[in-house]
Amino acid sequence: MKTFSVYAAALALLCSSCGESGHELSVKSPDGKIEVKLATDSLLTYSVAVDGLELISPSRLGFDAEGLTPAADAKLSVTHSDFDETWTQPWGENKEIRNHYKEMAVTLTDSVLAFTVRVRAFDDGVAFRYEWEASGRDSVTVMDELTEFRFAQAATSWSIPADFDSYEKEYRELPIDSVATANTPFTFMTDSSKIYGSVHEAALYDFPEMTLALDSASQRTLRAALAPMPDGVKAVAPAKFATPWRTIQIGRQAVDLINSGMILNLNEPCKIADVSWIKPQKYVGIWWGMHLGTQTWTMGPRHGATTENAIKYIDFAAANNLQGVLFEGWNEGWENWGGNQHFDYLKAYADFDMDSIAAYAKSKNIELWAHNETGGNIPEYEAALESAFAYYHSLGIHTVKTGYAGGFKGGYYHHSQYGVRHYQKVVETAAKYQIMLDAHEPIKETGIRRTWPNMMTREGARGMEWNAWSAGNTADYLCVLPFARLLSGPMDYTPGIFDILYRRAKADKGRIQWNGDNSECCIKTTLARQIANWVIIYSPLQMAADQIENYEGQPGFQFFRDFNADCDWSMALQGEIGKYIVIARRAGDRYFVGAGTNAEGRTLSLPLSFLEKGVTYTAAIYADDVKSSNPERLSISSCEVTATDTLTIDMLPTGGQAITFIPKK
Ligand code: NOJ
Ligand code: CA
């Protein structure tokens with residue numbers, strides 16, 4: 001197999017004719033502070049400098065792929081362009097986003113191949129992708145990607161280990177050289193210059209996911225490691241193709257990474273003509289009881305998804321200003337979960353009367369969700385997809401939660417090209433039937449929600465469920481999440497458990513603990529932090545994940561009644577990776593703030609300058625009860641504030657604070 005070095009040599013030969021000085025081609029961000037250089041000395045490489053200091057030293061580009069090697073006499077052409085546009089999206093952390101970059105495209109053309117490296121430099125990071133057109137062949141077989149990330153400076157990183165089947169992993173804080181493998185977003189901070197960054201990818205279509213692997217032969221070097229197919233091939237790509245973008249978000253403060261729109265900007269505009277049916281919503285569901293072991297997915301005496309329970313949940317949603325309800329375990333097949341993984345996507349269990357439940361939900365103006373656990377049985381799910389989505393559409397269902405808890409058949413990895421194709425097929429089929437998606441055990445988010453805004457949210461990290469049946473998610477984990485996984489896009493973490501010590505479940509003597517003994521399990525944060533997570537962990541479909549009984553009579557639930565998942569504007573105000581985070585969002589004329597800390601108690605000062613000037617707001621504050629230090633207790637207060645005021649946020653260890661700001665009429 002020929003490798004890219006042959007092509008790089010050709011580029012070096014031809015570079016003197018390209019009009020750029022020497023063998024170096026360069027593009028700078030609009031503000032001139034970030035520079036990407038392509039060099040062609042012996043291998044084709046790129047490097048990145050920030051404020052004149054090298055961040056990524058010359059790092060290899062290219063592929064091990066037959067057919068992607070230009071001839072020695074290939075012609076080199078270089079184009080430069082600028083782009084500046086502000087676009088709007090139907091929903092998102094920010095409805096308006098500025099896309100401002102400078103671009104350089106370097107192309108080598110011979111009689112059969114045109115091969116391009118396209119580079120974009122933004123004020124908040126850099127990205128590059130490969131494009132090719134190989135005539136006379138049907139496809140290109142990619143054996144490997146040779147892209148490297150050689151860190152010029154010592155840096156601390158936060159990441160999960162690479163695993164081509166799962167993102168449900170603990171974060172590790174490691175120096176770059178101690179990272180054996182990692183998935184992206186791979187977040188880092190340089191030790192002395194304090195530059196923050198995150199390596200990820202954008203617009204992942206028809207290609208395997210990119211993870212990172214340490215090149216032990218060179219210092220601080222990570223190289224792309226693509227998820228393979230069962231035969232070891234990484235991808236069979238079309239003869240004319242553009243790869244996903246390889247991205248490095250860059251900021252001077254940790255929160256700059258969160259406030260960047262670069263990943264979305266690297267995706268194509270919306271492909272759905274009518275988006276009027278795509279609507280953010282708050283929802284509840286028959287879900288947590290199964291994870292705690294007090295209810296079952298299967299039909300039986302403890303079946304959660306019964307007609308009676310469905311009506312209760314619909315009534316609760318209608319009475320509490322929520323828009324949606326989810327029922328897991330409504331359809332036949334759960335007996336097979338973990339076994340032969342066979343589900344029926346059309347047939348409800350006998351004690352779940354779908355028609356009358358759908359009619360009741362409609363009469364209450366509540367959106368019914370469908371749940372499709374596949375157990376990883378892709379052939380069966382793909383065969384059922386059209387008929388299932390057509391059925392849900394006929395019932396007025398606009399939202400489907402999917403799940404892939406189980407290995408794929410045929411030895412395919414979840415995150416391989418096969419998996420990426422499958423997840424995309426579901427997105428496009430759903431769009432056809434006006435269905436929004438919430439994918440669990442998904443492929444990572446790479447900003448495709450810009451192009452396919454029915455791809456609302458996904459799991460793709462350890463969510464709430466881990467607290468039910470494992471050691472659970474620490475407050476430190478929750479302080480890394482916004483700076484790593486959440487940089488890629490929305491997460492259905494399923495936040496907001498109010499019975500943090502599981503008092504109700506533990507009192508239920510008939511409880512059958514699912515997934516082993518979980519008698520010691522509990523939520524590892526204060527109650528106030530559970531409320532704050534509704535703001536911190538952005539999802540356009542935002543769940544109140546507890547059983548509805550646990551919200552009855554709880555004054556803290558007023559926060560979620562007032563909350564609006566359809567936000568217009570967001571800003572991460574303060575934070576350090578793994579330590580704390582403060583985020584403000586606006587929806588209509590209301591503002592919401594969520595703050596959270598790690599295992600350390602913390603006091604922060606919060607200037608309210610993000611509020612609209614000249615407007616007086618009633619601030620409702622849901623704080624930790626610092627006097628009692630009791631994690632189950634809330635301290636709720638209210639006051640009148642304007643943009644010139646400053647509030648003090650006091651948080652217990654593992655604590656948080658949530659605030660609503662409602663304009664005074
Ligand atoms: C794992 C999902 O993350 C969880 O939300 C769901 O309840 C189970 N799979 C069953 O589908
Ligand atoms: Ca999961």
Side-chain angles (χ1 to χ4, degrees), residues 92-93 158 160 166-171 185 258 280-285 287-288 290-292 322 324 326 328 369 371 399 401-405 436-442 444-445 449 455-500 521-547 550 559-560 563 565 567 570 572 575 578 581 583 585 592 594-598 654 656 658:
E93 298 91 324
W158 292 263
I160 55 170
S166 175
Y167 305 112
E168 299 189 22
K169 309 272 166 189
E170 304 260 25
Y171 282 105
I258 300 174
Q281 51 180 285
K282 298 181 285 184
Y283 74 103
V284 278
W287 177 78
W288 188 231
M290 279 86 91
H291 287 274
L292 290 179
L322 315 182
L326 160 78
E328 290 200 4
W369 288 36
H371 179 239
T399 320
K401 173 178 172 179
T402 57
Y404 297 88
M436 296 177 270
L437 286 172
D438 167 9
H440 279 233
E441 298 79 40
K444 63 173 91 164
E445 167 66 312
R449 60 185 162 131
M455 184 59 251
M456 307 294 283
T457 190
R458 58 186 95 202
E459 192 187 34
R462 282 184 182 226
M464 182 64 82
E465 60 177 350
W466 284 80
N467 292 312
W469 34 254
S470 81
N473 301 331
T474 63
D476 291 53
Y477 168 87
L478 289 168
C479 286
V480 177
L481 210 57
F483 301 98
R485 158 66 182 87
L486 300 185
L487 299 180
S488 71
M491 176 176 178
D492 187 35
Y493 181 85
T494 59
I497 298 300
F498 272 32
D499 182 5
I500 59 172
C521 295
C522 67
I523 299 291
K524 304 283 185 308
T525 77
T526 67
L527 173 56
R529 178 57 179 284
Q530 290 297 304
I531 298 174
N533 282 346
W534 279 321
V535 184
I536 296 170
I537 305 175
Y538 174 72
S539 179
L541 307 176
Q542 191 60 290
M543 188 180 197
D546 211 335
Q547 294 178 282
N550 293 329
F559 181 88
F560 201 59
F563 185 66
C567 100
S570 299
I581 178 72
I583 295 189
R585 305 195 192 280
F592 306 95
T597 183
N598 60 2
T654 78

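Position 1 is the first residue of the sequence, and the numbers go up from there.
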Check: Can you find a pair of side-chain heavy atoms, one from C567 and one from Y538, that are under 4.5 Å apart?
Finding: yes

Check: Does the W287 side chain pair with the main chain of Q547, one donor and one acceptor, at a distance under 3.5 Å?
Finding: no

Notebook entry, point to check: What heavy-atom pair brings M491 and G463 nearest, and what distance separates the two atoms?
Noted result: CE-CA, 3.9 Å

Checklist line | Closest non-hydrogen atom pair, C521 against S470 | finding: SG-O, 3.4 Å

Next item on the list: Would you give the length of the straight line joining atom CD1 of I536 to atom OG of S570, rounded to the nearest 0.5 angstrom?
Entry: 12.5 Å

Notebook entry, point to check: Between atom CD1 of I537 and atom CD1 of I581, what is the distance when rounded to the nearest 0.5 Å?
Noted result: 10.5 Å

Next item on the list: Could you pull out the closest heavy-atom pair between S539 and P490, with the gap in Å?
Entry: CA-CB, 4.1 Å

Check: Is I258 close to L486 at the side-chain level, that is, under 4.5 Å between some pair of heavy atoms?
Finding: no

Notebook entry, point to check: Do the side chain of K524 and the main chain of N467 share a donor and acceptor less than 3.5 angstrom apart?
Noted result: no

Next item on the list: Could you tell me which non-hydrogen atom of A528 sits nearest to which non-hydrogen atom of G656, and how far apart they are?
Entry: CB-O, 3.4 Å

Notebook entry, point to check: Distance from I500 atom CD1 to N550 atom CG, nearest 0.5 Å?
Noted result: 11.5 Å

Next item on the list: List the steps and the verdict of side-chain contact (heavy atoms from CB on, under 4.5 Å) for T399 and M456.
Entry: CA-CA 9 Å; T399 320; M456 307 294 283; 6.0 Å; no

Next item on the list: List the atom of D438, the atom of L541, and the distance in Å for their closest heavy-atom pair.
Entry: CB-CD1, 4.1 Å

Margin query: Please find the pair of heavy atoms, one from R585 and one from V535, that lie closest to each other, and give the distance.
Written below: NE-O, 2.8 Å

Next item on the list: Go through the steps for H371 and L326 under the test side-chain contact (heavy atoms from CB on, under 4.5 Å), then give the verdict.
Entry: CA-CA 7 Å; H371 179 239; L326 160 78; 4.0 Å; yes

Note to self: With side-chain contact (heavy atoms from CB on, under 4.5 Å) as the criterion, how do Q281 and M436 come out once you've worked through the C-alpha distance, each side chain's angles and the decisive distance to 0.1 Å?
What the structure shows: CA-CA 11 Å; Q281 51 180 285; M436 296 177 270; 3.7 Å; yes

Notebook entry, point to check: If only atom types and distance count, is the side chain of R449 paired as donor or acceptor with the main-chain N or O of T457 below 3.5 Å?
Noted result: no

Next item on the list: Look at the side chain of N598 and the backbone N and O of G578, then say whether any donor-acceptor pair between them is shorter than 3.5 Å.
Entry: yes

Notebook entry, point to check: When rounded to the nearest 0.5 angstrom, what distance separates CH2 in W369 from CD in E328?
Noted result: 10.0 Å

Next item on the list: Spell out, as yes or no, whether a donor-acceptor pair under 3.5 Å connects the side chain of Q530 to the backbone of F498.
Entry: no

Checklist line | Euclidean distance, E93 CD relative to I583 CD1, rounded to 0.5 Å | finding: 9.0 Å

Check: Side chains of K444 and P185: does their closest heavy-atom pair fall under 4.5 Å?
Finding: no

Note to self: Counting C-beta onward and ignoring hydrogens, is there a side-chain heavy-atom pair between E168 and E459 closer than 4.5 Å?
What the structure shows: yes

Next item on the list: Check step by step if side-chain contact (heavy atoms from CB on, under 4.5 Å) holds for W534 and F559.
Entry: CA-CA 9 Å; W534 279 321; F559 181 88; 3.8 Å; yes

Check: Rounded to the nearest 0.5 Å, how far does CZ of R458 lie from OG1 of T402?
Finding: 9.0 Å

Next item on the list: Provide the full list of side-chain hydrogen bond (donor to acceptor under 3.5 Å, both in side chains) pairs with a residue in residues 481-496, sequence neighbours left out, each pair given once.
Entry: Y283-D492, H440-D492, N473-Y493, R485-S488

Quiz: residues 475-482 side-chain donor-acceptor pairs under 3.5 angstrom, not counting sequence neighbours:
| from | atom 1 | to | atom 2 | distance (Å) |
| --- | --- | --- | --- | --- |
| D476 | OD1 | A599 | N | 3.2 |
| Y477 | OH | R462 | N | 2.9 |
| Y477 | OH | R462 | O | 2.7 |

Checklist line | Cation-pi, F560 ring and K282 (6.0 angstrom, 45 degrees) | finding: yes

